[in-house]
Amino acid sequence: MTIVTIFGWYFKKNLVKKKYMNSERKLATILATDCVNFSKHMEENEELTLTNLNDCRKIIDEVIAEFGGKIFSTAGDSVVAEFSSPVQCVKAAIKFQDKLYERNEHSLTKLQLSWRVGIHVDDVIVENKNIMGSGVNVAARLESQSEPGKILVSKIVKDQVDKRIDYSIEADGTRKLKNISDEFEVFKVKGLRIDEDDFFSEEVNEEKNEDENKQDDNVIVSRNSSQPKIAILTFKNVSKNDDSEFLVEAITGDLIIEFSRMKEFDVVSKKTCDDHDKSNEDALTFAKKHKIDFLVGGNIRSAGNRLRVAVDLTNAKDGSIIWGDRYDRVLEDIFDIQDEIVQKISKELLGNIEITNLQNIKRKPTENLNSYENLVIGRYHWLRQSSAKEHNDKALFHFDKALEQDETNARAHSLKACTIGGGLGKQYYEDNDKMMKMIFHHIEKSLEHDENDYEVRRISSAISLMQKKYEESEEHGKIAYSMNPNDPRVLAVYGEILVRNKKIDQGLELLHKALELDPIPAGQKTSDNRYRDLVLGYFCKKDYDVCITQAQKIKELEPRSWIFLLFSLKEKDNQINLKENKYFVNKYDDYSKLDWKETIKGFHLPDEEMNKSLENFTTQVIN
């Protein structure tokens, strides 16, 4: 025997001996849990997935420690833990599965993650930080066979735990566990929070089937109001069909409208909330940036004619849930659900005071469900019409279908008028005169069927302004504002006519509120339109310093703001050489050839003296 052989034999013998001395064989309860669809989530958004995974792991790890468990191995999206007691192990699994369910139900959760659990009792070998043996393998196989959000256990666990916990353990047939048994008897824990969702059991089964193959393998907002400011976050569609997206958006939009009717609240616009939903920004950061006090959110599921709406009210300062509820109804009850949500949240925030603007309002736009469904789809495309003519066409098509099924659907009339108005602004049509006549027709019909439709009053105010019927425009705007004092489009149109009609301070207050609630309006990528309105207001007030400040915030100066800015600069400093000013130079080539007399007429300013001053100014400076 060579010296090398002797040393090799010696080290091998002592290494094995040392390894054996550091290991321990014992009977233990093994828990295996794994995140469902983790790889898919990572492919879609790695940063968001990891952030939410860490949130889940915090819940799981803390509960395991609370019940005396010890975590041995983890791959980030999976955990293996050992317990000395099967009762404590099952209790821990129940608690963290319920807490994970509650986390997924909370509207502030950006990514819902589900976890499966398998539990088995067997002899295992514990060596340093590792745990090995068939007990670990069986628990892992059971976990892979479990439904998302649920717990699957072996017969030995069932026998040890049954009647020692306040949950039932029911037989769930047999499973083929790879390299273990073709007919392994399994049991499931019943009574978890997720079991209440068996109303939609087909959705749970679909999610399980999808994952079976995995087995084993910048605007700064200022705030002047002291009223509670709330944001209705975009509700989550947790159904498995794309058609539910229309319904989800409609419910979210309707809730915003209902809260906007109430003078006791300041309500963030739907566009601002939608922009947040498309970002990776967490809800509390969003709330802090927009100075929001309370957040309302939830999720919606539909299966056939059945509907589940889960909603919660969150304190935006610390993320704590103030109130939450869930409604299992049929689609026909959707308006009753919305009413109840608005009333309950209002009571939570304001107490038992009398809520304004909720009485004497026609709640249902139609009793015809088919008409309502087309209204919902039309509204979905109406909100997107500025991005493509296709959405404008689809909106008009579905509003027409809604009116075919119920000609008295006032909301369909008003939204069709709004859609045509948007299409005219985008120059979508060949015969503009024909389309203008259609606007008047549908406004008249909408008022005939529901005189309290603020959308009609809003668009009527805008049309009267175009026709230079300034008093009539103000009256329509006043009525629209009385019905919906938080809608940013109402605030903008009413504020504009007020500053024109020399009710300047009141108008400016509304225009500033529009900027606060809806910094970037629907169909826009910047806040330019909001600042243009403020430039108009401060110009009418002859506050040229502030007019200049607001105009300088505009990224793309249009003719009106450009000439107001130059006029204000000249009023502030009569010695200024405007032709050398950067604002003059940047837009001179674009605007110098305009017919400025006709352009100024298009500003729709009732003050003829102001119009004359602008005409003289453009003649001197531009021509």
Side-chain angles (χ1 to χ4, degrees), residues 27-36 52-53 55-72 74 77-106 109 112-122 135-136 138-173 175 184-201 203-205 207-208 211 310 321 324 326:
L27 187 68
T29 307
I30 306 301
L31 178 150
T33 185
D34 178 78
C35 180
V36 179
N52 283 268
L53 178 73
D55 292 342
C56 292
R57 280 298 309 274
K58 186 170 186 263
I59 292 171
I60 293 168
D61 293 4
E62 287 178 356
V63 172
I64 287 175
E66 177 187 345
F67 285 85
K70 180 181 178 182
I71 295 175
F72 272 91
T74 172
D77 64 321
S78 63
V79 175
V80 174
E82 175 254 331
F83 291 77
S84 58
S85 162
V87 174
Q88 291 294 90
C89 180
V90 172
K91 284 183 175 179
I94 291 169
K95 183 168 183 177
F96 75 64
Q97 284 287 44
D98 280 349
K99 287 175 78 72
L100 291 170
Y101 176 86
E102 290 168 4
R103 174 193 174 275
N104 286 341
E105 287 288 290
H106 193 186
T109 300
Q112 297 176 332
L113 295 178
S114 298
W115 294 70
R116 295 176 296 224
V117 175
I119 301 174
H120 181 56
V121 174
D122 207 341
V136 179
V138 172
R141 299 292 192 272
L142 288 171
E143 172 270 306
S144 69
Q145 295 285 338
S146 173
E147 293 180 9
K150 299 195 176 184
I151 304 166
L152 206 61
V153 305
S154 61
K155 187 175 188 304
I156 189 172
V157 175
K158 187 258 186 190
D159 292 341
Q160 291 290 318
V161 175
D162 209 9
K163 298 181 181 179
R164 294 179 179 173
I165 61 173
D166 295 329
Y167 293 77
S168 62
I169 300 180
E170 300 179 358
D172 199 35
R175 300 287 194 279
F184 192 92
E185 194 173 6
V186 298
F187 300 80
K188 60 184 176 182
V189 178
K190 292 291 289 183
L192 302 174
R193 290 289 308 278
I194 195 171
D195 290 327
E196 300 171 19
D197 272 350
D198 284 344
F199 177 66
F200 295 106
S201 58
E203 294 189 6
V204 176
N205 292 333
E207 185 172 0
K208 179 185 173 185
D211 204 61
I321 299 177
R326 186 164 61 195

note = Here the pair of heavy atoms bringing Arg193 nearest to Asp98 is N-OD1, 2.8 Å

ask   = Are Ile119 and Leu142 close enough, and set up right, to give a side-chain contact (heavy atoms from CB on, under 4.5 Å), and what steps lead you there?
value = CA-CA 7 Å; Ile119 301 174; Leu142 288 171; 6.0 Å; no

inquiry  = I'd like to check Asp122 versus Ile30 (side-chain heavy atoms, cut-off strictly below 4.5 Å). Are they in contact?
reply    = no

task = Give a yes or no answer on whether the side chain of Ser78 reaches the backbone of Thr33 with a donor-acceptor pair at less than 3.5 Å.
result = no

ask   = In Å and rounded to the nearest 0.5 Å, what is the NZ to CG distance from Lys91 to Asp166?
value = 7.5 Å

ask   = Where is the tightest heavy-atom contact between Trp115 and Cys35, given as atom of each residue plus distance?
value = CE3-N, 3.5 Å

ask   = Do side-chain atoms of Asp195 reach the backbone of Leu192 as a donor and acceptor pair under 3.5 angstrom?
value = yes

task = Can you see which heavy atom on Val153 is nearest to which on Val189, and at what distance?
result = CG1-CG2, 4.4 Å

key: Heavy-atom side-chain proximity of Tyr167 to Val90 below 4.5 angstrom   = no

message = Is there a side-chain contact between Gln145 and Val186 in this structure, where contact means two heavy atoms from C-beta onward sitting under 4.5 Å apart?
response = no

query = When rounded to the nearest 0.5 angstrom, what is the spacing between NZ in Lys70 and CD1 in Ile64?
reply = 13.0 Å

query = At what distance, to the nearest 0.5 angstrom, does SG of Cys56 lie from CG of Asn104?
reply = 6.5 Å

request  = Using modelled atom types only, decide if a donor and an acceptor are shared between the side chain of Asp162 and the backbone of Lys158 within a distance under 3.5 Å.
outcome  = no

note = Correct closest heavy-atom pair for Ser154 and Val121 would be OG-N, 4.2 Å

task = Quick one: pull up OG in Ser146 and CZ in Arg175 and give me the separation to the nearest 0.5 Å.
result = 8.5 Å

ask   = Are Lys95 and Phe67 close enough that some pair of their side-chain heavy atoms sits under 4.5 Å apart?
value = yes

inquiry  = Could you tell me if the side chain of Phe72 sits less than 4.5 Å from the side chain of Val136, heavy atoms only?
reply    = no

query = Please walk me through it: do Lys150 and Ile194 pass side-chain contact (heavy atoms from CB on, under 4.5 Å)?
reply = CA-CA 8 Å; Lys150 299 195 176 184; Ile194 195 171; 3.9 Å; yes

remark   = CZ of Arg164 to OG of Ser85, rounded to nearest 0.5 Å, is 8.5 Å

ask   = Run the side-chain contact (heavy atoms from CB on, under 4.5 Å) check on Lys99 and Val63 step by step: do they pass?
value = CA-CA 10 Å; Lys99 287 175 78 72; Val63 172; 4.0 Å; yes

ask   = Going through the distances and angles, do Val79 and Arg57 end up as a side-chain contact (heavy atoms from CB on, under 4.5 Å)?
value = CA-CA 9 Å; Val79 175; Arg57 280 298 309 274; 3.5 Å; yes

Test item: Leu31 and Phe96 side chains (from C-beta on) under 4.5 Å apart, heavy atoms = yes

query = Looking only at heavy atoms, what is the nearest atom pair of Asp34 and Glu143, with distance?
reply = CB-OE2, 3.0 Å

key: Contact summary for Glu105 and Ala310, nearest pair of heavy atoms   = OE1-CB, 3.7 Å

ask   = Measuring from Lys58:NZ to Arg103:CZ, what's the distance to the nearest 0.5 Å?
value = 12.0 Å

